[in-house]
Structures are given as structure tokens and as C-alpha cells.
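Worksheet: the structure to be examined is printed underneath.
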Amino acid sequence: EGGVYQEIGFFQTYPFASRTLCNNDIGTTEIKINEYRSNSTLINENIARGKPTGSYRITAILMDPTATTVFNQDQKELFFLNPAQTLSIRAPRAGSEVDAGNVNVEWDALQGIGNYFVKANVRTSPTQSLEEALSFGTPLVNNRSVGALTNVNLRDYLEREWSLGDEIVIQVGANISGPGGGQRLYSG
């Protein structure tokens, strides 16, 4: 913020023969990493957004085998105008009444998602928070994977039955592909 950049990551390789390379060549047997550091907090914040947002600066410094800087002008700034990716349930609407035999849950598709999963449970009292309701007792649907679907009938995934008149709390999550298995993004 305010034009101040924070370092997300840094790496330096051992000397290697000059060649055209791609980012997935770095760290291979031919192009080995000599030094590496990263800011896991910033990395996790970026992964949680789902796609890049804001301004990033990438700097490449070319050195000869004696570690003398040969070229230090290859600095690029990338600007991403994407809003932070959020996961919102479109249906059913909060507070709505639906036919207990046909509860369609629908949400917007997100980019870079490996799969979605659904969790649902009964809210036992109006004073119980939505988060408490989702984690209380045995859920109706317990983080069931629905693949890339963005519209499911909740009844198809029930692990136990609900009663007529129950207030149901639903949460949709998404697995965002990434290093170390990726990360989960949850509906609000």
C-alpha cells in the first residue's frame, strides 16, 4: 500500500549455462537454487484471494559466474485490477423457505478451482451463530465434494435427514489449486 512493496519471495540460482528458460526450469537438476526465502503470510494472503489483485513487481538480475552484476534493468510491474475472489451462494437466499424435497444450492463459478464442497447443518436456536451451527453435532452434509458443479440438490448429498421447519445453514467451499496442495476459500 502507498507504493511500498513487500517481498513475497526471493531466489538466487547457482551459475548455469546461458539459455532460454521457463519458470518451471528453475530448481531443476540443471538450474539449481542457491538461496531462497519467502514470506508465507503474504503468500497465504495471495492464495486466499484466489487470483492476483493489486500491483506486483518482478525483478530479474543477471550476473556472471563471478557474481558481478551484468544486467539489472529488467524490472517489471504488473497491475491486476481483479477484485478479490469471493464465493457467494446465490440460492437459496438467506431467510427463504424452500421445499424440503428439493433444496437447490447455487453459487458463482470461480477461476482456478479444483473442486467445490458443501457443508450443511441444522441451526438449533436463533442465538446460535451460523459458524456454531455448521460445526455443532453431526452435519447434514459434511464437506462433501461436488466436483466442478456450481448447482446441486442438497438432498443428493444428505448424510442424515432434517425435520420439517428446521433452519438449515449452508456453506460452500472451494479448493484453489496451488503449491503444497492449495488452499480453501469459503462462502460468507
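Values below: all heavy atoms of this structure, side chains included; hydrogens, waters and symmetry mates excluded. We're numbering straight along the sequence, starting at 1.
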Between the CG atom in L130 and the CD atom in E167, the distance rounded to the nearest 0.5 Å is 7.5 Å
Nearest heavy-atom contact between E7 and N39 is O-CB, 3.5 Å
Rounding to 0.5 Å, atoms OG (S187) and NZ (K119) come to a distance of 11.5 Å
Q.
Looking at F16, I want to see if its CZ is surrounded by more than 12 non-hydrogen atoms of other residues, nucleotides or ligands under 6.0 Å.
A. yes
Rounding to 0.5 Å, atoms OG1 (T13) and CD (E30) come to a distance of 11.0 Å
Separation between CH2 (W107) and CG (L149), nearest 0.5 Å, reads 7.0 Å
Discussion item. Do R57 and Y5 form a cation-pi contact, if we require the NZ or CZ to be under 6.0 Å from the six-membered ring centre and within 45 degrees of the ring's axis?
Written reply: yes
Distance col, row L154:CG vs I170:CD1, nearest 0.5 angstrom, shows 5.0 Å
The side chain to side chain contact (heavy atoms under 4.5 Å, CB included) partner of Y116 among T150, N175, V152 is T150
In this structure, CD of Q171 is separated from CG of N121 (nearest 0.5 Å) by 11.0 Å
Over 12 foreign heavy atoms within 6.0 Å of CZ, R19: yes
Correct closest heavy-atom pair for N102 and R155 would be N-CD, 4.1 Å
Closest heavy-atom pair, N115 versus S145, reported as atoms and distance to 0.1 Å, is ND2-OG, 3.0 Å
